[in-house]
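Counting from 1, the numbers follow the sequence of the chain as shown.
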Amino acid sequence: MLLCSIFALVPFMIGPGACIAVASVAMLGAGGLYTLATSDMLAHTPRQSVPSTTGITTFVQSLIYITASPIIGKCVEYFGNYDWVMICSGLWVLPFTIIWLVDASIR
């Protein structure tokens with residue numbers, strides 16, 4: 001969660017190398033969150049339903065990306081850069097991950 005949330009710091013980095021380094025670390029955190037969320041979901045899924053559940057989850061993730069892309073595009077068009085998109089993307093991770101972790105019951 002903390003690694004992923006540092007994505008909000010990218011606009012404050014000086015130079016492209018620092019931006020890439022911080023964004024790369026943030027993506028490590030995002031990968032960890034995907035893994036935890038997927039394992040928690042599948043832990044609650046009956047064995048015979050795992051393929052269907054995985055397919056539906058992938059479908060929903062794709063819909064979220066399809067929905068978010070135009071919103072992100074409008075924000076970039078409005079502000080003229082990706083700064084607010086990166087800040088908001090990094091900051092929303094904290095509260096929603098905490099809510100999920102409080103409710104998660106990984107076995």
Side-chain angles (χ1 to χ4, degrees):
M1 171 182 69
L2 295 176
L3 289 177
C4 189
S5 66
I6 68 165
F7 195 62
L9 299 177
V10 172
F12 305 105
M13 297 294 106
I14 298 172
C19 291
I20 291 170
V22 170
S24 297
V25 171
M27 291 310 295
L28 287 171
L33 288 176
Y34 272 112
T35 303
L36 287 173
T38 302
S39 64
D40 184 52
M41 174 196 59
L42 293 177
H44 299 337
T45 303
R47 184 173 293 224
Q48 65 275 14
S49 300
V50 168
S52 300
T53 303
T54 305
I56 291 168
T57 302
T58 304
F59 171 72
V60 170
Q61 286 175 345
S62 296
L63 285 178
I64 291 169
Y65 290 138
I66 291 167
T67 304
S69 291
I71 295 168
I72 291 170
K74 289 291 183 188
C75 290
V76 171
E77 186 178 299
Y78 181 79
F79 292 109
N81 56 47
Y82 280 89
D83 291 355
W84 283 106
V85 171
M86 289 185 276
I87 292 168
C88 292
S89 296
L91 292 180
W92 82 270
V93 171
L94 291 171
F96 289 102
T97 304
I98 290 169
I99 291 168
W100 170 70
L101 286 173
V102 167
D103 190 51
S105 60
I106 299 175
R107 298 176 200 175

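The two residues C4 and V93 make their nearest non-hydrogen contact at SG-CG2, 3.8 Å. A pairwise comparison of heavy atoms in T57 and T53 identifies OG1-O, 2.7 Å as the closest pair. A pairwise comparison of heavy atoms in C19 and V10 identifies SG-O, 3.6 Å as the closest pair.
By the 6.0 Å contact criterion, CE on M13 is enclosed, its count of non-hydrogen atoms from other residues, nucleotides or ligands being greater than 12. For I14, the CD1 atom sits in a loose shell: 12 or fewer heavy atoms of surrounding residues, nucleotides or ligands are nearer than 6.0 Å.
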F12 vs D83, side chain to side chain contact (heavy atoms under 4.5 Å, CB included): CA-CA, chis, key distance, verdict: CA-CA 9 Å; F12 305 105; D83 291 355; over 6 Å; no

Between W100 and D40, does a side chain to side chain contact (heavy atoms under 4.5 Å, CB included) hold up when you go through it step by step? CA-CA 10 Å; W100 170 70; D40 184 52; 3.5 Å; yes

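Connection of I64 to I66 is not established within any shared hydrophobic cluster, with ILVMFWY side chains joined at heavy-atom distances below 4.5 Å, either directly or through further cluster members. Follow the hydrophobic side-chain contacts under 4.5 Å out from F7 and you never reach L33; the two are in separate clusters. A single hydrophobic cluster is not seen to contain both I71 and Y78; linkage of ILVMFWY side chains at heavy-atom distances under 4.5 Å, directly or through other members, places them apart. Under the 4.5 Å side-chain heavy-atom criterion for ILVMFWY residues, a single connected hydrophobic cluster contains both L2 and F96. Under the 4.5 Å side-chain contact rule for hydrophobic residues, L36 and V25 do not share a cluster.
For the pair S49 (side chain) and T45 (backbone), a donor-acceptor distance under 3.5 Å is absent. Checking side-chain atoms of T97 against main-chain N and O of L94 turns up no donor-acceptor pair under 3.5 Å.
Put simply, OH on Y82 and SG on C88 are 14.5 Å apart, with the number rounded to the nearest 0.5 Å. For the atom pair OG (S24) and CG (L3), the distance works out to 12.0 Å, reported to the nearest 0.5 Å.
For the side-chain hydrogen bond (donor to acceptor under 3.5 Å, both in side chains) test, residues two or more places apart in sequence or in another chain that qualify with Y34 are Y65.
Under the 4.5 Å side-chain criterion, counting only non-hydrogen atoms from C-beta, V76 is not in contact with N81. P11 is listed as a side-chain neighbour of I87, based on a closest heavy-atom distance under 4.5 Å. You'll find the side chain of L9 reaches within 4.5 Å of the side chain of I6, heavy atoms only.
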